[in-house]
Amino acid sequence: MSELLQKSNQLLRLTTRRDRIRALIWVLSLTFITVIIPGTFNSLYSEQAERDAMAETMDNPAMVAMVGEGDLENYTIGAMTAHQMILLTAVFVGIMSILFVVRHTRTDEEEGRIELIRALPVGKLAPIHATTIYVIGVNVLLAVLVALGLWIQPIDDLTLEGSLLYGATLGGTGLCFMAIAALFSQMSESSRGAIGWSIGVLLFFYVLRAVGDIGNEFLSLTSPLGWVNRTFIYTENNWWPILLMVAFTLIVLLVTYQLNAKRDLEAGLFPSKPGKAHAPKSLLSPFGLAFRLQRTAFISWAIGMLFLGISYGSVLGDLESFFQGNEFLTEMLVQGEGYSMTEQFISIIITVMAMIAVAPAILAMNRLYGEEKKSRLELLFSKPVSRKVVMGSYLGVAFINAFVSVFLAGVGLWAAGSMVMEEPISFGAMVGASLNYLPAMLVFVGVAALLIGFKPKLTSLTWAYLVYSFIVVYMGNLFQLDDWIQQISPFGHVPQLPVDDFEWMTVVIFSLVAVVLAILGMMLYSKRDIHG
Amino acid sequence: MGNVIQIENLTKSFGDFKALDQVNFEVKEGEVFGFIGPNGAGKSTTIRVLLGILKGTEGKATIFGKDVWEDAMEIHKRIAYVPGDVNLWPNLTGGEVIDLFAKLRGDYKKADREALLERYKLDPTKKCRTYSKGNRQKVALVSALLSDADLYIFDEPTSGLDPLMENIFQEDVDRLRKEGKSVLLSSHILSEVEKLCDRVGIIREGTIIEKGSLEELRHLTRHHVIVESNETLNGLESVDGVHDVQQDQNKYTFQVDTEKMDAVIKFVSRYSIMKLESAPPTLEDLFMRHYEGAGGEGE
């Protein structure tokens, strides 16, 4: 065995050296988003009554499916933090571990770097062993920093044991997915395949746990992500899930090391399946190409927006009691006469979702410039393909992204909302209120198109404009900003349904503005040099 | 025969930098025109102007008599292009890219596609991300050769190909010439240009410094001569038109201005000669002479 592992230490140093910045950024960001939460909750929900109201809003199947089980009977700041944060954070820790493992195993192998290493007097298992030790180190560091960051806070119920368990749960989840990624790095011949399979397994475990948490406890216990919430940190402080995680990791690693020692370099166990020798009809046009290139992103955003809608919708049931007595949250509402808190909340949520839904549309539009930067347009434009048609195709893809994103967010909000509300809002009203933002969203697409046509180096201005809109519109009520500050953004003009009344004029005007911007963009794009 | 490509006083500036400065040349119908110059001399910029991707700052460039910028769409129906650095979409397969480009140009014969894939030994089911540089170039080459174009523009098409594939490509260019197609071949592999091209243009720092048929260009330069004699060739250095004499025992190597060849042969023939070799200048010599000359002037 020792011969197989020879020089692992030197390789470990190389790995650490290559990743020092990357690992630090991941660990510090994950620590940061965890340790700021208890303080935030403490100022938002300072009274136990407010926390119990929060616990009530969390007590529904949609919420349980999303964040898992929590100790709703003893909803202290600590229990609340653990309940609402730990599962999603654990998912990100899992993704981090997967990316790190594949980066240092299959990617290095694919790029021929392992071949160089293996030609030296280095043990057969040394590369994977060094990677394992390194990723364990990253997860231990994360666990320690999180535990420390939670424990030192001046909040009584953040006990030492609970904080340690919090860190250990995150780190333990990281180890599980480290082992899974190491296994798939042996199976798959490509790094993309290894990442895809590992993330697929992660999603499978997440869904398995969601189904289990709602109905069948046993299913949850078969998923490492199901173990996460069963620690009941800061109340029961169960340590057995950590033991399960460590055992799981060791078993999977054992199999992985065996496979690694037996197989040929650059070989995998999964057969690599050949791609298509012929293009499907749907690809054979500038629009088909533009859409195909962004298909995965489009589908991911669509699913993400649907889930966003569902997650907001799932809290609509108990909002009234939740908002009562919480001044900070009440101030953010529109303060419309004759409308319930819930309706006011919905109108704000829809605005926020619409602004988030602009992101995939801008990404789709800016992809056109991304293609130019990667010099992939030169060959395309050497064919009898006009610039207007190509930009028009990307405008089309951006439009579809905007429409589908805001539509699905509305659908999700309606679907989850009607499950938990006593007097549900109709499908038409909810989705209509969402689609009401589409013209304003398209203005951003138009701005992006104009910038790509005019001066593509300025494309980041589109993002700045969106961030500006987000801040002034979202926070506008809170900070009592002057109207004109909000009206610089198209979102400042759109009536917030269902509280405000629908206006045809804004729809027509913003649609026109978007079209004019897009046409200007196309004209300028046809006249400028394409740099690749 | 008319000119397929006509470039007159073409200048292209990027800000203060003049990438092309008063470029003039033409590609005649049915000829293979070699466009040579080192990296950064302006070959690719010229080609991109011809493709209507960059807009010329001054001057005029036409293909088939049409303006390369205004009538790009019309022109592109009749040309095929292979860039030097082929960038493809990593998540599409080679076969998908070939089909896409074929569709964007017009239709193609399926039999030709399979034959070309076979000829260039390209696996169309691989994702472009997994192709080497040479294989990406093959995708672009197969795509270009599939099209029934009148003008083919190749920008260093063989820089990633192995010698066998290079040969196959050269055969294909020869076939295009026999079919009466016009070809603009940019390259810095001089042997390739020498083998394939009817005429060449040499570009340096954005300016065409020499153009013409290979024959014409050779007149501008010197022949390599090797003489072996058991006598000493006294006064060889001082003969008009003789340069760079090097003596290795009884073997003399030197260069002769093409138009002074007669006088030199007459001088040499006075001695007893064991061996006389004369080689025409290679493009390499031409090239080096121009670049070294330029360097010398600059110093």
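Labels below follow one simple rule: chain letters A, B, ... track the order of the sequence lines, proteins then strands, and each chain is numbered from 1.
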Write down the atom of B/R113, the atom of A/A277, and the distance for their closest heavy-atom approach. NH2-O, 2.5 Å
Pick whichever of [options] has the most heavy-atom pairs under 4.5 Å with chain A.
options	result
B/D85, B/D99, B/L100, B/V82	B/D99
B/L92, B/N91, B/D123	B/L92
B/S147, B/A80, B/G95, B/A72	B/G95
B/L51, B/N87, B/I75	B/N87

Name the option with the most non-hydrogen atom pairs under 4.5 Å to chain B; the candidates are A/R192, A/R528, A/E110, A/H531. A/R192
Counting heavy-atom pairs under 4.5 Å with chain B, the top scorer among A/S526, A/S375, A/P280, A/P286 is A/S375
Has the side chain of [X] got a donor or acceptor atom that lies under 3.5 Å from a matching backbone atom of [Y]?
X	Y	value
A/R387	B/I53	yes
B/T93	A/K276	yes
B/H76	A/F381	yes

[X] atom [atom1], over 12 foreign heavy atoms within 6.0 Å:
X	atom1	value
A/K527	NZ	no
A/W197	CH2	no
B/K66	NZ	yes
A/F287	CZ	yes
B/E118	CD	no
B/E114	CD	yes

For [X], is it the side chain, the backbone, both or neither that has a heavy atom under 4.5 Å from a heavy atom of chain A?
X	value
B/E70	neither
B/V49	neither
B/R129	side chain

[X] side chain near [Y] side chain, heavy-atom distance below 4.5 Å:
X	Y	answer
B/R105	A/P384	yes
A/L380	B/L104	yes
B/Y81	A/E378	yes
A/K383	B/M73	no
B/L54	A/I530	no
A/L379	B/F101	yes

Given the rule in the side chain to side chain contact (heavy atoms under 4.5 Å, CB included) test, do B/L88 and A/R376 qualify, once you have shown the distances and angles that lead to the verdict? CA-CA 6 Å; B/L88 300 172; A/R376 295 197 200 118; 5.9 Å; no
Flag the pair B/R48 and A/D529 as a salt bridge only when some basic side-chain nitrogen lies within less than 4.0 angstrom of an acidic carboxylate oxygen. no
Starting at OG of A/S190, measure out to NZ of B/K127 and round the result to the nearest 0.5 Å. 10.5 Å
How long is the gap from CG on A/L289 to NZ on B/K103, to the nearest 0.5 Å? 14.0 Å
Run the numbers on A/R292 and B/W89 for side chain to side chain contact (heavy atoms under 4.5 Å, CB included), then give the verdict. CA-CA 10 Å; A/R292 166 70 184 275; B/W89 299 279; over 6 Å; no
